[in-house]
Amino acid sequence: MQKVKWGVLGTANIARGCTIPGMKLAQNCELWAIAGRTLEKAEAFQKEFGFEKAYGSYEELLEDPEVQAVYIPLPNHLHCRWVIAALEKGKHVLCEKPIGLNADEVKTMFDTAEKNGVLLMEAYAYLHTPYIASLKNEIQSGAIGRVEYIETAFVTQGYRENIRLYKEQGGGAMYDLGCYCTTMILTLLDSDPQDVRAIAEFSPLGVDNMTSAILRFSDGTRAAFNVGMILGEDTNARYDHLYIYGSKGCIKSDIEYNQQGDVSYQVITDNGAAERKISIPQNYSLEIAQLGRCILTGEKPFVSKEFSLRNAALMDRIFKTIGYTL
């Protein structure tokens, strides 16, 4: 099988624990290069995962002519700078969510990708899964009638020390967790809200510890979500849910975002409750393999430019409503 030579720009925890293991599972991926802020960090990743090369700076990796695609797991405030740097070096890019701090940044990045004739995709691994495809099929088949209301939540732990605590690094619950909820709602409804209302609780450092939003669509459909970093400090506490209410029934799912393995959700109608069982592969391998196919065969990115721009615009509206500015 033809393979894409990947470079990883950074040694973040999500790279170590999620994406690089997914890369190793993607058959069209070759782990070519890893770069860290120090050569020692990069060499530790090289030894752990088997990269061909290790670099002590991001610039060195981008100068490597063998690198075809770059994965960027850096803190939010560094995304735009390094995405553009990689695109201008002719590299295809997969960038961690949220790809930009605002819609203007996102547009600039995609414009740069088009100018340089390379692909850019925002990394929402969960959107690639059969779980999402199954939910979409339930809706499109009319299993619960017309969707009238969606409610979802992603609430996780507070932190003693973490980049998510600081405004200057693009911290806060909306940037870290809210983007999951907004992308879920936009994916399931495939339209943009007409009206957006939101409220937030802010930390002493100025980031939103918790944000709640209500969205109203032109056809009368409503959606609501809650996100927060409020369940205690330095724990594994977490609370996720997704409920989809329709004119003929509802779907109830307590599956965690980015879950993998054997999971199930319920479809409840007047005829009773039916359990749907889904087997979800390692999510991150799916997005790596998909962008690899885009590079090698011309397949279209599953998380498209248009979708990322729609989501960034929605997040901008929420940030404006809650009064969160960087």
According to a hydrophobic-cluster definition based on side-chain heavy atoms being under 4.5 Å apart (Ile, Leu, Val, Met, Phe, Trp, Tyr only), do [X] and [Y] belong together?
X: Val8; Y: Leu119; value: yes
X: Leu9; Y: Val4; value: no
X: Tyr324; Y: Met210; value: no
X: Leu120; Y: Tyr71; value: no
X: Leu31; Y: Tyr284; value: yes

Side chain to side chain, [X] and [Y], heavy atoms closer than 4.5 Å:
X: Asp240; Y: Arg238; result: yes
X: Val70; Y: His92; result: no
X: Asp192; Y: Leu314; result: no

Is it the case that [X] and [Y] place a side-chain donor and acceptor less than 3.5 Å from each other?
X: Asn311; Y: Thr183; result: no
X: Ser218; Y: Gln194; result: no
X: His79; Y: Glu105; result: no
X: Thr187; Y: Tyr124; result: no
X: Asn209; Y: Ser203; result: no
X: Ser253; Y: Tyr131; result: yes

Of all the heavy-atom pairs spanning [X] and [Y], show the shortest one and how long it is.
X: Val207; Y: Gly172; answer: CB-CA, 3.7 Å
X: Pro73; Y: Ala15; answer: CG-CB, 4.0 Å
X: Asn28; Y: Ala289; answer: ND2-O, 3.0 Å
X: Cys294; Y: Pro301; answer: SG-N, 3.4 Å
X: Leu215; Y: Pro193; answer: CB-CB, 4.0 Å
X: Ser279; Y: Asp262; answer: OG-OD1, 3.3 Å

Other cluster members, Ile163 - Ile/Leu/Val/Met/Phe/Trp/Tyr, side-chain contacts below 4.5 Å =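 In the cluster with Ile163 there is nothing else; it is isolated.
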Which ILVMFWY residues are connected to Tyr245, directly or by a chain of links, through side-chain heavy atoms under 4.5 Å apart?
->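 Hydrophobic cluster check, Tyr245: joined to Tyr149, Tyr243.
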Ion pair [X]/[Y], N-O distance below 4.0 Å:
X: Lys97; Y: Asp176; value: yes
X: Arg293; Y: Glu299; value: yes
X: Asp64; Y: Lys53; value: yes
X: Glu88; Y: Lys115; value: no
X: Asp111; Y: Lys107; value: yes

What's the verdict on side chain to side chain donor-acceptor pair (under 3.5 Å) for Thr152 and Tyr257, showing C-alpha distance, side-chain angles and the deciding distance?
-> CA-CA 10 Å; Thr152 187; Tyr257 282 92; 2.7 Å; yes
CD1-CD1 distance between Ile185 and Ile150, expressed to the nearest 0.5 angstrom =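 Answer rounded to 0.5 Å: 6.5 Å.
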Rounded to the nearest 0.5 Å, what's the gap from CE on Met121 to CG on Leu94? Could you check?
->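 CG of Leu94 is found 5.0 Å from CE of Met121.
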Please check if the side chain of [X] supplies one atom and the backbone of [Y] the other of a donor-acceptor pair under 3.5 Å.
X: His128; Y: Gln290; value: no
X: Asp208; Y: Met174; value: yes
X: Asp316; Y: Asn102; value: no
X: Gln282; Y: Ser285; value: yes
X: Thr221; Y: Phe217; value: no
X: Ser308; Y: Lys305; value: no
X: Arg276; Y: Val263; value: no
X: Thr112; Y: Thr108; value: yes

Would one find more than 12 heavy atoms of other residues, nucleotides or ligands at under 6.0 Å from atom [atom1] of [X]?
X: Ile199; atom1: CD1; result: no
X: Leu309; atom1: CG; result: yes
X: Gln27; atom1: CD; result: no
X: Lys136; atom1: NZ; result: yes

Of Tyr175, Phe225, Tyr126, which is the lone residue that meets ring-ring contact (aromatic ring centres under 6.0 Å, His included) with Tyr180?
->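 When Tyr175, Phe225, Tyr126 are each tested with Tyr180, the ring-ring contact (aromatic ring centres under 6.0 Å, His included) holds only for Tyr126.
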Under 3.5 Å, which donor-acceptor pairs link side chains of residues 37-46 to any protein atom two or more places apart or in another chain?
{"residue": "Thr38", "atom": "OG1", "partner": "Lys41", "partner atom": "N", "Å": "3.2"}
{"residue": "Gln46", "atom": "NE2", "partner": "Phe51", "partner atom": "O", "Å": "3.4"}
{"residue": "Gln46", "atom": "NE2", "partner": "Glu52", "partner atom": "O", "Å": "3.2"}

Salt bridge (Lys or Arg N to Asp or Glu O under 4.0 Å) partners for [X], two or more places apart:
X: Asp254; result: none
X: Glu168; result: none
X: Glu63; result: Lys89

Given the rule in the side chain to side chain donor-acceptor pair (under 3.5 Å) test, do Asn258 and Asn283 qualify, once you have shown the distances and angles that lead to the verdict?
-> CA-CA 7 Å; Asn258 268 348; Asn283 293 352; 3.3 Å; yes
